Amino acid sequence: MASTAWSADATRPNIILMMADDMGFSCISPYGGEIQTPNLQKLADGGVKFTQFYNNAKCTTTRASLLSGMYPRDSGNSIPNGIATIGEQMRAAGYRTALCGKWHLGSKAPQRPFDRGFDEFYGLMDGCCNFFNPAQPDPDAKGGKVRIFGQNDELITEFPPGFYTTDAFTDHAIKTIKRFHGESKPFFLHLAFTCPHYPLHAPAEDIAKYRGKYKAGWEAMRVARYERQKAMGLWDKMPALSGTDDKAYAFEGANQDWEDLRMATYAAMVDRMDQNIGRLMKSLEELGIADNTIIMFLSDNGGCSEEPGGRDDTQQPGLVSTYTAVGPSWGWAQNAPFRRYKSWVNEGGISTPFIVRWPGHVKPNTKSNQVGHIIDVLPTCLEVAGAKPLAEVHGEKTQPIEGSSLASVLHGETRSAPKELCWEWSGNCAVRHGQWKLVWDTAAKPVKWELYDLESDRTELHDLAATKPELVKELSDAYTRWAKATGRKLPGAAKNKKGKGTSD
Ligand SMILES: [Ca+2]
């Protein structure tokens, strides 16, 4: 699509970028999930779903890339000043900008959302919080870490009965859209849910819908998801279902009723998010702007294996007074058919649903197997806005954007394949070029570069490193260049300080 001067185009689309938090690849129905997500299904039916779209395996690094079009720099916990955020870029392009939900890229000036290009902000500065009462300190907040919850730069400390973050973020998003609608500019809204990140908190009526539905365990859930993916034709070439993860334990010996409640509560959180997405879509229709609004949906990393505080089956998931997570077995199974989970850069950690609905532009009910990455979202938004990237931000010359626009893919064309894509979190490293992916998996025994042909082996089951040493060298050299340029870890380096047991 040719870029045009934005000022000449009065019909530039609004853009809503929605993101779930720690939601596995196959949790929602367009990707084979059993969780009831009719509104996300409607978005997929009216748009395109990607089957090879990637995030950065972790909350902070994904946000650093998604909101800048760049790979994370150094720790990845913030966006450096010489890199413009999507808020800064879209505001300069003539858009109104808002962020509702999780920021997690620094809580002090000059790194707050208001400092970084968002006209409006309502949400959470930190990685997670109590869903019913964000002011309540949680057991994961070591050393008295403060949960800041700001509305237009005001700290909120009291929450009414019935408060629930997923509802509140959506309420604020709808109010913001209504306010922006009365103005002459198009808007860019980032709705960043904290759902279904732990703690497991959901309204009782939503949990009740799923209670008892997970009593066959995680292995059965994986197989059922895999079979649904097969039946719907999600994959051009059906990958083999990966084997049981090292961290998964036997369902037979587990407290099955409690395990069922853990997964039922998680499912309720996703269900509730989908209900809220339905409310948001309804409000767009009522305002008459549904057809001129691009909606994108993705997850920031794969299902999560962490269990902050340990596995304590005396804690009942779902309540304001408890702090629980799904644990490694469900967290892994949520990424079926892939291996691993959040914080790992195997396909289960970095593969995300990516759905884009744009009436009149994106052909309804289509899928794309073209490879894409979250660094591509910002240049896509700039292209559809007909805008050029900022040359300067905060008095510093900006670095060239590393992602490339997906606009041609959205229009049903084949874009030139990206050069190498790279990932690193907590010592897990990977590089993908074309069909080939090199992975450094810190949970493997032994830990070494593994090589996979994703075209025939998307689930990373057949390591070809020993048979293709020259390709391993070529890809590992590309990884080393990337790690040196971005400040990310080299294979075998010490783990990131924040690599484990944090609330990211
Ligand atoms: Ca996350």
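When a ligand or atom number is given, it counts from 1 through the structure's own listing order. Note that the coordinates shown come from a computational prediction; the quantities given were computed from them, not determined experimentally.
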Q) What N/O/S atom of Asp21 gets nearest to the Ca ion (ligand 1)? A) OD1

Q: If the plane angle is over 60° it's perpendicular, under 30° parallel, otherwise tilted; pick one for Phe53 and Phe50.
A: perpendicular

(Q) Closer than 3.0 Å to the Ca ion (ligand 1): does that hold for any N, O or S atom in Cys59? (A) yes

Q. Side chains of Asp312 and Thr314: is there a donor and an acceptor less than 3.5 Å apart?
A. yes

Q: Please confirm if an N, O or S atom belonging to Ser299, backbone or side chain, lies less than 3.0 Å from the Ca ion (ligand 1).
A: no

Q: Starting from the Ca ion (ligand 1), look over the N/O/S atoms of Asp22 and name the nearest one.
A: OD1

**Q.** Glu34/Lys213 salt bridge by N-O under 4.0 Å criterion
**A.** no

Q. Closest to the Ca ion (ligand 1), which N/O/S atom of Asp300 is it?
A. OD2

Q: Compute whether any side-chain donor of one residue and acceptor of the other, for Asp441 and Trp344, lie under 3.5 angstrom apart.
A: yes

Q) For residues Ser78 and Gln111, is any side-chain donor paired with an opposing acceptor at under 3.5 Å? A) no

